[in-house]
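Everything on this sheet refers to the single structure shown next.
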Amino acid sequence: MFITFEGPEGSGKTTQVRKAGEYLLSRNIPHIVTEEPGGTQLGHTIRKLLLNKSSLIIFGKAELLLFAAARAQHVEEIIRPSLRSGAVVLCDRFADATIAYQGYGRGLNVDEIRWINEYSSGNLKPDVTLFFDLPVEVGLDRAMGRIHQRTDSPAEDRFEGEDLQFHRRVWDGYYTLINDEPERFRIVNAARDQEQVYRDVCRHLDAVLSMP
Ligand code: Z5A
């Protein structure tokens with residue numbers, strides 16, 4: 001099972017993907033928790049380039065191809081071997097994020113992005129995607145709060161720095177994807193407190209893992 005966690009900025013995916021990993025551990029289900037961009041040494045290096053606000057100028061197409069490069073490595077090095085070994089893979093963002101952010105957010109051609117996604121992932125698609133739904137303003141406030149709490153590393157604030165319209169386009173992009181493939185998505189109301197959201201996540205995981 002390949003399960004991805006998607007949503008707008010600050011919607012609680014990272015918190016919940018970690019808790020979901022602990023839940024699977026408590027049920028003795030082999031799994032890994034991973035993230036994009038990241039998951040591999042190359043992915044983490046690309047992540048720093050892409051997310052840390054710096055003087056580096058990155059145009060939209062270059063950004064798209066860097067996310068794709070991180071994904072190609074991640075799929076071959078981590079995700080496919082884990083799936084082959086029978087582990088459940090829980091992944092914080094995947095190819096839907098590229099369509100939502102680079103396609104709808106940045107305005108790059110969505111059909112070209114779909115092709116690049118297929119190429120970089122070797123046609124790997126999530127079995128199920130949990131979408132953490134939250135008004136973009138609330139998510140941005142949460143994400144900003146988290147950035148201000150961090151003292152250990154440079155703030156990952158390249159996307160948080162985008163204006164509200166950008167984040168609204170991203171949210172609309174996700175809803176277009178959900179309408180295109182409603183059977184793959186499970187919508188989680190992320191506006192509730194962490195425990196309530198977690199209970200919903202566990203309920204979805206139980207249902208997904210009992211699927212034939
Ligand atoms: N991106 C892209 O453009 N193209 C791509 O192909 C891919 C990604 C793969 C990094 O992703 C960025 O890369 C992302 C999209 C872009 N855009 N941005 N920015 P990421 O997943 O690593 O980081 P993120 O999207 O920025 O997520 P985030 O800001 O880390 O938010 P989150 O993971 O959804 O939430 P969180 O870290 O779990 O929680 C945020 C804060 O809210 C934190 O202080 C929590 O304690 C708090 N929180 C969590 N849940 C709750 C509830 N229920 N109530 C109240 N507060 C809560």
Side-chain angles (χ1 to χ4, degrees), residues 4-21 33-40 43-44 46-53 58-75 79 90-108 110 113-114 116-121 124 126 129-150 153 155-164 166-167 169-171 173-174 177 188-201:
T4 55
F5 288 53
E6 298 277 0
E9 203 68 42
S11 52
K13 300 170 283 72
T14 308
T15 305
Q16 295 297 335
V17 80
R18 287 184 191 143
K19 285 165 82 84
V33 175
T34 187
E35 66 174 354
E36 288 213 353
T40 66
H44 285 297
I46 293 176
R47 183 182 179 92
K48 282 190 195 139
L49 282 177
L50 282 170
L51 301 191
N52 292 351
K53 201 166 189 173
I58 307 177
F59 286 107
K61 283 185 186 169
E63 180 183 88
L64 166 66
L65 293 171
L66 284 166
F67 278 115
R71 179 161 310 128
Q73 184 75 22
H74 192 202
V75 168
I79 299 179
L90 304 175
C91 189
D92 189 351
R93 293 200 188 277
F94 194 64
D96 294 322
T98 320
I99 295 183
Y101 280 82
Q102 281 62 55
Y104 288 87
R106 297 268 188 247
L108 298 182
V110 169
I113 296 177
R114 284 186 197 280
I116 289 169
N117 277 349
E118 282 169 17
Y119 179 74
S120 59
S121 69
L124 181 69
T129 298
L130 303 188
F131 179 75
F132 290 78
D133 197 8
L134 186 74
V136 289
E137 295 87 345
V138 180
L140 282 172
D141 274 355
R142 284 189 193 170
M144 284 307 185
R146 188 210 46 199
I147 284 173
H148 291 135
Q149 281 163 18
R150 287 188 68 164
S153 65
E156 292 179 347
D157 57 3
R158 228 179 114 245
F159 285 89
E160 281 86 350
E162 293 292 338
D163 64 21
L164 201 54
F166 173 88
H167 291 284
R169 288 196 299 278
V170 169
W171 193 89
Y174 272 120
L177 292 170
V188 176
N189 174 359
R192 297 164 302 161
D193 68 50
Q194 288 189 18
E195 269 315 299
Q196 287 175 305
V197 177
Y198 173 61
R199 278 201 289 278
D200 232 11
V201 169

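Just so you know, ligand 1 is whichever comes first in the structure, and atom 1 is the first atom listed for that ligand.
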Exercise. How far does CZ of Arg158 sit from CG of Leu50, to the nearest 0.5 angstrom?
Worked result: 6.0 Å
Problem set entry | Geometric N/O contact Thr14 with ligand 1, under 3.5 angstrom | yes
Exercise. Looking only at distance, does Ala143 have an N or O less than 3.5 Å from an N or O of ligand 1?
Worked result: no
Problem set entry | Nearest-0.5 Å distance that lies between atom CD1 in Ile46 and atom NE2 in His74 | 11.5 Å
For this session: Measure from atom 8 (C) of ligand 1 to every heavy atom in Phe132, Phe5, Phe67, Tyr198 and give the option owning the shortest one.
Result: Phe67
Exercise. Which class fits the ring pair His167 and Tyr101: parallel under 30°, tilted 30 to 60°, perpendicular over 60°?
Worked result: perpendicular
Problem set entry | Sub-3.5 Å N/O-N/O distance, Lys13 and ligand 1 | yes
Exercise. Quick one: which ligand 1 atoms are inside 4.0 Å of a heavy atom on Glu36?
Worked result: 9 (C)
Exercise. Going by an N to O cut-off under 4.0 Å, is there a salt bridge joining Glu195 and Lys19?
Worked result: yes
Exercise. Any side-chain heavy-atom pair from Arg106 and Phe59 closer than 4.5 angstrom?
Worked result: no
For this session: With rounding to the nearest 0.5 Å, note down the distance linking NZ in Lys61 to CG in Leu108.
Result: 7.5 Å
Problem set entry | Atom indices of ligand 1 within 4.0 angstrom of Asp193 heavy atoms, with elements | 53 (N)
For this session: Please confirm whether Gly12 comes within less than 3.5 Å of ligand 1 when only nitrogen or oxygen atoms on both sides are compared.
Result: yes
Exercise. Which ligand 1 atoms are under 4.0 Å away from a heavy-atom of Arg71?
Worked result: 6 (O), 9 (C)
Exercise. Quick one: does Ser11 get within less than 4.0 Å of ligand 1, heavy atoms only?
Worked result: yes
Exercise. Taking the non-hydrogen atoms of Arg158, is any one of them nearer than 4.0 angstrom to ligand 1?
Worked result: no
For this session: Please state whether Arg47 comes within less than 4.0 angstrom of ligand 1, counting heavy atoms only.
Result: yes
Problem set entry | Within reach of ligand 1, part of Asp92 (heavy-atom separation under 4.0 Å) | side chain
For this session: Find the distance between CZ (Arg47) and CG (Asn52) and round it off to the nearest 0.5 Å.
Result: 8.5 Å
Exercise. Atom 57 (C) of ligand 1: which of Gln194, His167, Glu162, Arg93 has the nearest heavy atom?
Worked result: Gln194
Problem set entry | Within-shell test, Gly10 vs ligand 1, heavy atom, strictly < 4.0 Å | yes
Exercise. Which of the atoms of ligand 1 are close to Gln102, meaning less than 4.0 Å from one of its heavy atoms?
Worked result: 2 (C), 3 (O), 4 (N), 5 (C), 6 (O)
For this session: Verify, without hydrogens or angle tests, whether Gln16 (side chain) and Gln194 (backbone) share a donor-acceptor contact under 3.5 angstrom.
Result: yes
Exercise. Phe131 vs Tyr174 aromatic rings, parallel, tilted or perpendicular, using cut-offs 30° and 60°?
Worked result: tilted
Exercise. Does atom CZ of Arg192 have more than 12 heavy-atom neighbours from other groups under 6.0 Å away?
Worked result: yes
